[in-house]
Amino acid sequence: MTGFFQKIVAFFTMIFAFLFPWLNQNPEKVYENTEIWSAQQEFTPDYVLSIEKTGEEFVILNLTDIQMNNLEFAAITKDVAYKEMDALVERVQPDLITLTGDNAFCQAAYEDIVAKMDSYGIPWASILGNHAGDSVKDKDRYSAAYLLAHGENSLFRYGPQDMGYGNYAINITEQGKAIHTLVMTDTHNKAEFQTGNKKVSGYDHLWENQIEWYRWLIQGIEKTEGRKVPSTVFMHAPVCEYADAWQAAYSAKQGEYIDEYKETSFGENREKTCCPPVNNGFFTVCQELGSTKDMICGHDHANNASIVYQGIRLTYAMKTGRTCYWKRNTTGGTVIRIAADGSTNVEHIYS
């Protein structure tokens with residue numbers, strides 16, 4: 001009986017490994033598809049993916065925090081989300097769809113949403129959110145990344161080792177020349193931070209080596225192209241400056257943006273900014289390098305403010321669908337239009 005039982009276990013293990021290859025990843029092998037990177041290596045143009053701009057402008061539709069799950073009671077919200085996505089794609093006619101994390105809660109739902117995204121026949125690029133795999137375990141985040149990396153029309157890349165998953169870049173080109181770079185980043189899940197003599201926990205963000213990688217990437221593209229190329233950073237959790245921007249730009253007493261920000265700002269924040277408890281300095285590095293003029297994040301479902309703060313537009317992307325928590329008039333999609341000179345125009349499409 002023991003030998004027969006072992007054969008049965010081995011058979012089903014083989015079947016599961018074939019049907020669900022991400023479940024067969026040992027922790028030691030999690031990074032087998034990721035690259036080894038160092039700031040000392042030479043940057044080459046082929047490091048960055050590229051999509052050619054063919055129209056008057058390059059149109060990106062961003063979706064965020066769809067948070068799909070396959071539980072039976074979620075069937076109605078799934079239908080609502082997919083109808084909303086269909087309507088947005090039909091209306092916007094994007095050249096690229098981006099997803100700024102928290103796409104799904106479980107592996108079955110990830111399979112489903114990858115198939116849905118592929119059904120549009122449009123290139124799409126995603127990052128991970130804090131709920132990827134709904135666990136802090138590296139193996140669970142890898143399984144979500146594995147599915148994203150194997151979508152038929154997905155541009156997702158694992159990225160360098162020891163930075164999480166989904167740190168990669170896409171150049172929007174015109175006649176082969178880069179006019180705008182999309183920098184996709186992983187802001188991980190939660191972490192513990194040292195502040196003075198005490199430790200605090202909260203949402204994580206870009207690590208020191210990711211910021212170093214960003215600097216290497218931006219400087220490498222500038223050197224290759226012979227000029228500074230405008231860029232947009234996509235992240236799930238916001239940098240701390242999102243909270244600073246809202247406080248500086250919006251008067252709660254008057255219920256509107258103050259005069260200095262009125263013409264360049266739109267949207268509203270209806271919940272607290274859930275940023276890390278410690279500032280990682282990434283925003284300052286972006287200012288220093290002078291390439292990034294837009295940051296797009298998700299994470300806070302009831303926020304959709306877009307504010308030009310200290311030279312960089314900080315945009316909360318519109319939450320897509322009605323899963324998890326949401327508030328009236330804060331769901332839909334966000335559109336980023338890139339002109340021939342690399343400049344951007346950002347707007348929300350309300351569902």
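The basis for the numbers below is simple: all heavy atoms, side chains too, and nothing from hydrogens, waters or symmetry mates.
Grouping the Ile, Leu, Val, Met, Phe, Trp and Tyr side chains by contacts below 4.5 angstrom, directly or via other members, places Val308 apart from Met235. Residues Tyr120 and Val92 share a single hydrophobic cluster, defined by chaining ILVMFWY side chains whose heavy atoms lie under 4.5 Å apart. Hydrophobic clustering keeps Val239 apart from Tyr203 (ILVMFWY residues linked when any side-chain heavy atoms are closer than 4.5 Å, directly or through intermediates). At a threshold of 4.5 Å between side-chain heavy atoms, the hydrophobic network of Ile, Leu, Val, Met, Phe, Trp and Tyr places Trp207 and Phe193 in two separate groups. In the hydrophobic clustering of ILVMFWY residues, with side-chain heavy atoms under 4.5 Å counting as a link, Met318 and Tyr316 come out apart.
Distance alone, capped at 3.5 Å, is enough to place a donor-acceptor pair between the Glu52 side chain and the Gln175 backbone. Lys319 places a side-chain N or O within 3.5 Å of a backbone atom of Asp65 that can act as its donor or acceptor partner. Using a distance-only test at 3.5 Å, with no hydrogens or angles considered, a donor-acceptor pair links the side chain of Lys53 to the main chain of Gly55. A donor-acceptor contact shorter than 3.5 Å links the side chain of Arg313 to the backbone of Thr264. The closest donor-acceptor contact from the side chain of Trp213 to the backbone of Glu208 lies at 3.5 Å or more, if one exists at all. Looking at Lys223, its side chain never comes within 3.5 Å of a backbone N or O of Arg227 through a donor-acceptor pair. No donor-acceptor pair closer than 3.5 Å links the side chain of Thr320 to the backbone N or O of Gly333. Panel note: side chain Asn189, backbone Asn130; a donor-acceptor pair is recorded below 3.5 Å. Within the 3.5 Å criterion, the main-chain N or O of Ile66 finds no donor-acceptor partner in the side chain of Asp102. Distance alone, capped at 3.5 Å, is enough to place a donor-acceptor pair between the Gln194 side chain and the Gly196 backbone.
Judged by distance alone, the side chains of Thr185 and Asn167 never bring a donor and an acceptor atom under 3.5 Å apart. Side-chain polar atoms of Tyr350 and Thr330 form no donor-acceptor pair below 3.5 angstrom. Between the side chains of Asp341 and Ser343, a donor-acceptor pair is found at a separation under 3.5 Å. When only modelled atom types and interatomic distance are considered, Glu241 and Asn279 share a side-chain donor-acceptor pair under 3.5 Å. Between the side chains of Ser154 and Asp118, no donor-acceptor pair is found at a separation under 3.5 Å. Between the side chains of Tyr242 and Asn303, no donor-acceptor pair of N or O atoms lies under 3.5 Å. Looking only at atom types and distance, the side chain of Ser291 has a donor-acceptor partner in the side chain of Ser231 under 3.5 Å away. With hydrogens and angles left out, the side-chain atoms of His180 and Thr344 include no donor and acceptor closer than 3.5 Å. Defined by atom type and a distance below 3.5 Å, a donor-acceptor pair is missing between the side-chain atoms of Asn209 and Trp37. With hydrogens and angles left out, the side-chain atoms of Gln310 and Gln287 include a donor and acceptor closer than 3.5 Å. Residues Asn280 and His205 bring a donor and an acceptor atom of their side chains to less than 3.5 Å of each other. A donor-acceptor contact closer than 3.5 angstrom links the side chains of His188 and Gln210.
With rounding to the nearest 0.5 angstrom, the CD atom of Gln67 is 4.0 Å from the CZ atom of Phe105. Taking NE2 of His236 as the reference point, atom CG of Asp300 lies at 8.0 Å (rounded to 0.5 Å). Of the inter-residue distances, the one linking Asn345 atom CG with Ile336 atom CD1 reads 10.0 Å to the nearest 0.5 angstrom. Glu42 CD to Thr44 OG1: the interatomic distance, rounded to the nearest 0.5 Å, is 7.0 Å. Taken from OG in Ser126 to CE in Met117, the straight-line distance is 8.0 Å, to the nearest 0.5 Å. Atom CD1 of Ile170 sits about 11.0 Å away from atom OG1 of Thr232, to the nearest 0.5 Å.
Salt bridge annotation for Arg141-Asp186: present, with a cationic side-chain nitrogen under 4.0 angstrom from a carboxylate oxygen. Comment: Glu84 engages Arg322 in a salt bridge, judged by a side-chain N to carboxylate O separation of less than 4.0 angstrom. Under a 4.0 Å N-O distance rule, the pair Glu288/Arg215 qualifies as a salt bridge. Taking a cutoff of 4.0 Å between a charged side-chain nitrogen and a carboxylate oxygen, Asp86 and Lys116 qualify as a salt bridge. At a threshold of 4.0 Å, the pair Lys262-Glu256 counts as salt-bridged, since one of the basic side-chain nitrogens sits closer than that to a carboxylate oxygen. Taking 4.0 Å as the cut-off between side-chain N and carboxylate O, Lys78 and Asp112 count as a salt-bridged pair.
Across all non-hydrogen atoms, the minimal contact from Val229 to Thr181 is CG1-OG1, 3.8 Å. A pairwise comparison of heavy atoms in Tyr309 and Ala248 identifies CE1-CB, 4.2 Å as the closest pair. Nearest heavy-atom pair, Cys286 versus Ile312, reported as atom, atom and distance to 0.1 Å: CB-CD1, 3.9 Å. For Glu271 against Ala302, the heavy-atom pair with the smallest separation is OE2-N, 2.8 Å. Of all heavy-atom pairs spanning Arg157 and Tyr168, the tightest one is O-CD2, 3.5 Å. When all heavy atoms of Ile296 and Ala317 are compared, the pair lying nearest together is CG2-CB, 4.0 Å.
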Residues Met295, Thr315; criterion side-chain contact (heavy atoms from CB on, under 4.5 Å); working and verdict: CA-CA 6 Å; Met295 290 184 177; Thr315 300; over 6 Å; no

From CA spacing to verdict: side-chain contact (heavy atoms from CB on, under 4.5 Å), Leu182, Ile172: CA-CA 8 Å; Leu182 312 178; Ile172 309 305; 4.0 Å; yes

Ser50 and Thr173: CA distance, side-chain angles, deciding distance, side-chain hydrogen bond (donor to acceptor under 3.5 Å, both in side chains) verdict: CA-CA 7 Å; Ser50 64; Thr173 62; 5.0 Å; no

side-chain contact (heavy atoms from CB on, under 4.5 Å) evaluation trace for Val285 with Tyr214: CA-CA 9 Å; Val285 171; Tyr214 166 83; 4.2 Å; yes

Stepwise side-chain hydrogen bond (donor to acceptor under 3.5 Å, both in side chains) check, Tyr146 with Gln107: CA-CA 10 Å; Tyr146 181 95; Gln107 302 310 318; over 6 Å; no

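Glu152 meets the salt bridge (Lys or Arg N to Asp or Glu O under 4.0 Å) test with no other residue; sequence neighbours excluded.
Proximity of the aromatic rings of Tyr158 and Tyr142 is defined here by a centroid distance below 6.0 angstrom, and this criterion is met.
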